[in-house]
Amino acid sequence: MDATGTATGPGEPVRGVVVEQHDDSPAGAAPPAPAPGRPSAAPPEPRPAAGRGRTRVVVTRVVAVVLVLLVLAAAWVALRAWQAVSALQDARALLGGVELDASSVGGAAADLTSLRESTSRAAAAASDPVWRAAEVVPWAGDQLEAVRVVATSLDAVVGDALPAVADLGALLDGGLRGPDGRFDVAALRTVAARVETAAASAAEANAAVSALDPDALVGRLADPVRQVQEALARIDGTLGPAGNVAGLLPAMLGGDGPRTYLVLALNTAELRAAGGIVGTVVAVRVDDGAVTVVDRRTTDELRETDEPVLALTDEEVGTWGDRLGRWIQNSALTPHFPRTAELVAARWARDVGGTVDGVVATDPVAVAGLVGATGPLPDPDGGTLHGSGLVDVLLREAYLRHSDERGKDADEYFGAVASAVVGAVGSGRGSPQALLAAGRGAVDERRLHVWSAHPDEQARLAATVAGGAFTSATFADQPGVFLDDATQGKLGAYLATGITFRDARCTGPDPQVTAVLRLHFRPPDGVEHLTRLVTGYPGDDVPLGTLLTGVSVWSAQGGPPLVVTRDDEPTTGLVTTVAGRTVQQIGTRLTPGQVQEVTVDLPLQDGAVTLWTTPTTTSPGVASFRCG
């Protein structure tokens, strides 16, 4: 029966039902009829042959398109990687010559401009979305990520450093000071903000690039990444402290109101840990960039007190006795400059009066550098003082000319020279570039220290070497070897010192290096016949002309006592603890022409050590060692 009820004959297909043809049936042939007497089989499920074919075609085309896109993406990434790496190679070559030093900003600006062209190309090549997507690919993605991090980090640093250097260059080319020598505080604020921004970028870039592992990179990338890591660490090391201090300058130069500072002239002829005894104190007023000397006092006018000017800690008394707080000269016994500044400021406030906003200390070598920058100055004794011979004049000749036993005349002379130098700087003498170079050299050699009575400023100063905060957490892993005169004279002017390193053990469970402090006493013939102001009071059983010097060896904070020898023989002395550091004090005794060596075994941190020491006429206040 058909769909309308009409019966169909045997062998005829039922109308209205689609019957599937098998692939092996002749074209147009009907399917075989069911055998007589057997029920008809259910028709097989229909299969949409045409639809299946279309799906296969679509899938094939999609796969082909994806493959083409992947090939194009890989080619694009490869092209961009080649562009980025090529640009980074150019940047790496330029980067080694960039010195972000305020004393050579002209060259730095040109170097940075050329460098920016390369870093911009590298950053643009490594920053597109296809590149970032490819970073998920195993192994290859690590290489791409390293290139991107290096490229974008360098570009950010150079981009922020350029305006800072350009502004600083304009400032140093005549915009820093007016005709009367006054500092342009407003211009300094602008430059300071740029320097702070550049310092922040350098710190961020250094952190990002230092986190990369060069050992996981292919050879062509590994060495350049290491070199960029070293360069960024150097730039961060320069801009970091500059950023810390730059923002302080406008206020410290009286931009927010007048300030009064005490300038300490340290006398290296009689050594103390910080460089020398406090010889003269000069009071300076700073108001809206104008610098004026307003007072000066010698140590003869600030004599010893019956009691310490400030309460001393048990550790301080155990290490130095109460002389640290009773004699203003001895306030420099501690290598921690903030404590020296606090003691001097308290003494000034008590005996002279007025508010002290900060303290600056420097030594004759640093003063000579400033005179070299300002130009010759009148000699209070007549004639002219030049930077090249100033140390000899201040520390040796002055005590031959002014030989009174108390040293009052010599101190007056010393103070007059210090005041003249401060006055010359305040009046505008010397080019800004030369003054900055002299100041930078003094800070690098630990001959110039600055303390602020304003806590927010002091917190930033203490994080820099200019702050001289030896016992602070910032320098906790750095040991020290300091010198203190024990002759009570001025024979230290004839002491040549130096620190070298030997016997480095850079591998193993306890890497260390031996520091060698060499002391060579070179006084003139007949030194024993000089006045007691020079020869001092070494003791009844010690011949005049003998130099006695105390050496104090400070461990790192929380570290064990250091192994010390004197002339290759184990030695010991007073052992105390200050601020978590073990302090060992030993004595040395030198006759004219004699040499002694004190050795100290120093632990290495990451293959390096920075050793604080006393700046003398012949050596700076820091020595560093690095393996490799």
Side-chain angles (χ1 to χ4, degrees), residues 176-189 192 245-266 278-299 301-302 309 328 331 337-338 340-363 366-367 370-371 373-374 377-378 380 411-412 414-430 432 435-436 438-439 442-443 448-458 460-461 466-467:
L176 179 61
R177 313 180 76 174
D180 60 352
R182 181 189 299 267
F183 290 92
D184 188 338
V185 176
L188 275 172
R189 289 190 194 277
V245 174
L248 304 179
L249 289 177
M252 293 187 74
L253 286 172
D256 298 333
R259 294 281 186 97
T260 298
Y261 297 101
L262 303 180
V263 178
L264 311 183
L266 302 182
V278 176
T280 300
V281 183
V282 178
V284 177
R285 179 181 171 85
V286 184
D287 187 7
D288 193 28
V291 181
T292 309
V293 176
V294 295
D295 202 350
R296 182 178 83 235
R297 301 297 170 99
T298 67
T299 55
E301 298 171 286
L302 299 169
V309 68
I328 195 168
S331 60
F337 180 70
T340 298
E342 291 169 353
L343 291 166
V344 173
R347 181 66 188 275
W348 186 274
R350 195 195 79 165
D351 291 0
V352 181
T355 301
V356 176
D357 293 292
V359 178
V360 179
T362 190
D363 73 356
V367 171
L370 288 175
V371 173
T374 63
L377 299 175
D411 284 349
E412 284 285 356
F414 204 75
V417 173
S419 295
V421 173
V422 175
V425 173
S427 67
R429 294 274 300 272
L435 289 171
L436 276 171
V443 170
L448 177 65
H449 295 310
V450 183
W451 171 83
S452 175
H454 302 263
D456 55 334
E457 295 176 355
Q458 177 55 24
R460 297 177 70 173
L461 285 170

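Computed from a predicted model, the values in this text were never measured in an experiment.
Two residues are said to be in side-chain contact when any heavy atoms from C-beta on lie closer than 4.5 Å; Asp256 and Pro250 fail this criterion.
Minimum heavy-atom separation, Ala345 to Val359: CB-CG2, 4.4 Å. Looking at every heavy atom in both residues, Val293 comes nearest to Gly423 through CG2-N, 4.2 Å. Nearest heavy atom pair, residue Ala373 against residue Ala438, reads CB-CB, 4.5 Å. Across all non-hydrogen atoms, the minimal contact from Pro432 to Leu176 is CB-CD2, 3.7 Å. Val367 and Val421 get closest at one heavy-atom pair: CG1-CG2, 3.7 Å. The two atoms that bring Val291 and Gly426 nearest to each other are CB-CA, 3.9 Å, heavy atoms only.
Side-chain N or O atoms of Ser452 include one that pairs as donor or acceptor with a backbone N or O of His454 at under 3.5 Å. A donor-acceptor contact shorter than 3.5 Å links the side chain of Arg429 to the backbone of Thr374. Under the 3.5 Å distance criterion, the side-chain polar atoms of Asp357 are matched with a main-chain donor or acceptor of Thr260. In this structure, the side chain of Tyr261 engages the main chain of Met252 through a donor-acceptor pair within 3.5 Å. The backbone N or O of Ala453 sits nowhere less than 3.5 Å from a side-chain atom of Gln458 that would complete a donor-acceptor pair. Between the side chain of Thr340 and the backbone N or O of Ser331, at least one donor-acceptor pair lies under 3.5 Å.
The NE2 atom of His449 sits 8.0 Å away from atom CG of Leu266, with the distance rounded to the nearest 0.5 Å. Note that CD1 of Ile328 and CG of Leu343 are 9.0 Å apart. Values are rounded to the nearest 0.5 Å. Note that the CZ atom of Arg177 and the OG atom of Ser427 stand 7.0 Å from one another [nearest 0.5 Å]. Atom OG1 in Thr362 sits 10.0 Å away from atom CG in Leu264 (nearest 0.5 Å). In this structure, CG in Leu302 is found 6.0 Å from CG in Asp351, a value given to the nearest 0.5 Å. Considering OG1 of Thr280 and CD of Glu412, their distance stands at 8.0 Å, rounded to 0.5 Å.
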>> Please determine whether side chain to side chain contact (heavy atoms under 4.5 Å, CB included) holds for the pair Trp348 and Asp295, giving the CA-CA distance in whole Å, both sets of side-chain angles, and the decisive distance to 0.1 Å.
In response: CA-CA 11 Å; Trp348 186 274; Asp295 202 350; 3.8 Å; yes
> Given the rule in the salt bridge (Lys or Arg N to Asp or Glu O under 4.0 Å) test, do Glu301 and Arg296 qualify, once you have shown the distances and angles that lead to the verdict?
Replying inline: CA-CA 10 Å; Glu301 298 171 286; Arg296 182 178 83 235; over 6 Å; no
